[in-house]
Number of protein chains: 2
Amino acid sequence: MMGTIMRHLTIGKLAREVGVGVETVRYYERRGLLAEPPRKASGYRQYSADAVRSLRFIRRAKELGFSLAEVAELLALREAPEPACPDVKRQIATKIDDIGERIADLRRIRGALEELHSRCESTGSLGVCPILALLQEDTP
Amino acid sequence: MMGTIMRHLTIGKLAREVGVGVETVRYYERRGLLAEPPRKASGYRQYSADAVRSLRFIRRAKELGFSLAEVAELLALREAPEPACPDVKRQIATKIDDIGERIADLRRIRGALEELHSRCESTGSLGVCPILALLQEDTP
DNA sequence: ATAAACCCCGTACCTAAGAACGGGGTCAAG
DNA sequence: CTTGACCCCGTTCTTAGGTACGGGGTTTAT
């Protein structure tokens, strides 16, 4: 058999692929974030490429400051077929706004860092620190 | 004495102002994130308005997924006057890039949610979930 | 001037998110 | 066919980031 792309990953390969520990993968499964994969007769988990993507998503979202509970919510939205739509729609809108605020905050911090950076570059003179200035804004 | 704006806050007022617990404020002080304020003769901490801003900044950054250690680094940059500039400049650039990636990730997630939202709105039909689609992208 | 509300400090406790362990089965390479 | 690497499960340990407690002084509103 040649040409058969790697269809199934063991938990160890999956974990290494995404850069997490095996324990973490099993933990996510227990938490319901990662679907339970099919098993071999031996009991070994067999993951598909989709699992790699799901796992990557979870990591990304977690690095962005979402708790695992929030990640679970995001993933749950994916499952909402259409029946709960009227209500789910609000939830989605709320999350969109929330993310918009996060982006704005990050931009503000980045802007301050950029100013620091260029200031560092040009003159050696240093007036007010832009990070401090950033702190000045209360509700921009 | 009228007209004197509240110059000094007790720790409790500071905490309430920002929406955290008193213990949290003291914890941040211990961690070196928040400067030790002057004290009254009684030992009570006296905070200025700056403390409110610093504390808000810490909370924002933390909600954005920065660890307290990272927040401390960000705040430390503020202090770097100019001597360590050559080296610090790299650090700043790195952080700027890091934040850029976070923003990109958030945008991608938001985009997916927006599509979910509009899809919910228009037809009841539901093809592939955009969040699932988002997961498909490996290195966009 | 006294009670309620607040502050001090130190220590103990808690939750989230894993990481490590231990005893045992499994798979592939030599 | 055995040996090293890998997997199973359940349980325990750790770390970050707070929270709560307890005993005692301080401020403030009545």
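Letters A, B, ... mirror the listed sequences (proteins, then strands); counts begin at 1. Side chains included, hydrogens not; waters and symmetry mates left out as well; all remaining heavy atoms used.
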Given atom [atom1] of [X] and atom [atom2] of [N], what is their separation to the nearest angstrom?
X	N	atom1	atom2	result
E29(A)	dA17(C)	CD	C1'	16 Å
I11(B)	dG18(D)	CD1	P	14 Å
E70(B)	dA16(D)	CD	P	13 Å
K13(B)	dT27(D)	NZ	P	13 Å
E63(B)	dA16(D)	CD	C1'	16 Å
Q46(A)	dC27(C)	CD	P	10 Å
R16(A)	dA5(D)	CZ	C1'	10 Å
L9(B)	dC7(C)	CG	P	11 Å

Inter-residue atom distance I103(A).CD1 - R107(B).CZ, 0.5 Å rounding: 6.0 Å

Chi angles and distances behind the salt bridge (Lys or Arg N to Asp or Glu O under 4.0 Å) call for R60(B), E63(B): CA-CA 5 Å; R60(B) 274 210 304 215; E63(B) 278 159 23; over 6 Å; no

With a 4.5 Å limit on heavy-atom distance, are the side chains of [X] and [Y] in contact?
X	Y	answer
Y47(B)	V25(B)	yes
T10(A)	K13(A)	yes
F66(A)	R102(A)	yes

Which nucleotide in [options] has an atom nearest any side-chain atom of [X]:
X	options	result
E23(B)	dT19(D), dC21(C), dC7(C)	dT19(D)
T10(A)	dC8(C), dC6(D), dC8(D)	dC6(D)
L68(A)	dC7(C), dC9(C), dG18(C)	dG18(C)
R31(A)	dC6(D), dA17(C), dC8(D)	dA17(C)
Y27(B)	dC21(C), dG18(D), dC21(D)	dG18(D)

Touch check for [X], heavy atoms < 4.0 angstrom, all strands: base, sugar-phosphate only, or nothing?
X	result
G43(A)	sugar-phosphate
K40(B)	nothing
R39(B)	sugar-phosphate

Presence of donor-acceptor pair under 3.5 Å, side chain of Y44(B) and base of dC6(C):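 Such a pair exists between side chain and base.
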
Rounded to 10 degrees, the angle between the two terminal axes of the helix from dA1(C)-dT30(D) to dG30(C)-dC1(D), each from five pairs: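 Computed angle between terminal axes is 20°.
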
For [X] and [N], is the shortest distance between a side-chain N/O and OP1 or OP2 below 4.0 Å?
X	N	value
R59(B)	dG18(D)	yes
R45(B)	dC7(C)	no
T24(B)	dT19(D)	yes

Residue closer to the 5' end of DNA chain D, F66(B) versus R26(B) (nearest nucleotide):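 Final value for this comparison: F66(B).
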
From CA spacing to verdict: salt bridge (Lys or Arg N to Asp or Glu O under 4.0 Å), R53(A), D50(A): CA-CA 5 Å; R53(A) 296 182 200 114; D50(A) 274 3; 2.5 Å; yes

Candidate pair R26(A) and E23(A), rule salt bridge (Lys or Arg N to Asp or Glu O under 4.0 Å), full reasoning: CA-CA 5 Å; R26(A) 285 206 299 241; E23(A) 328 283 343; 3.7 Å; yes

Steps toward salt bridge (Lys or Arg N to Asp or Glu O under 4.0 Å) verdict (D98(B), K95(B)): CA-CA 5 Å; D98(B) 168 43; K95(B) 280 197 188 302; 6.0 Å; no

Residue met sooner reading DNA chain C from 5', once S42(A) and Y28(A) are mapped to nucleotides: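 With S42(A) and Y28(A) compared, the 5'-side residue is Y28(A).
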
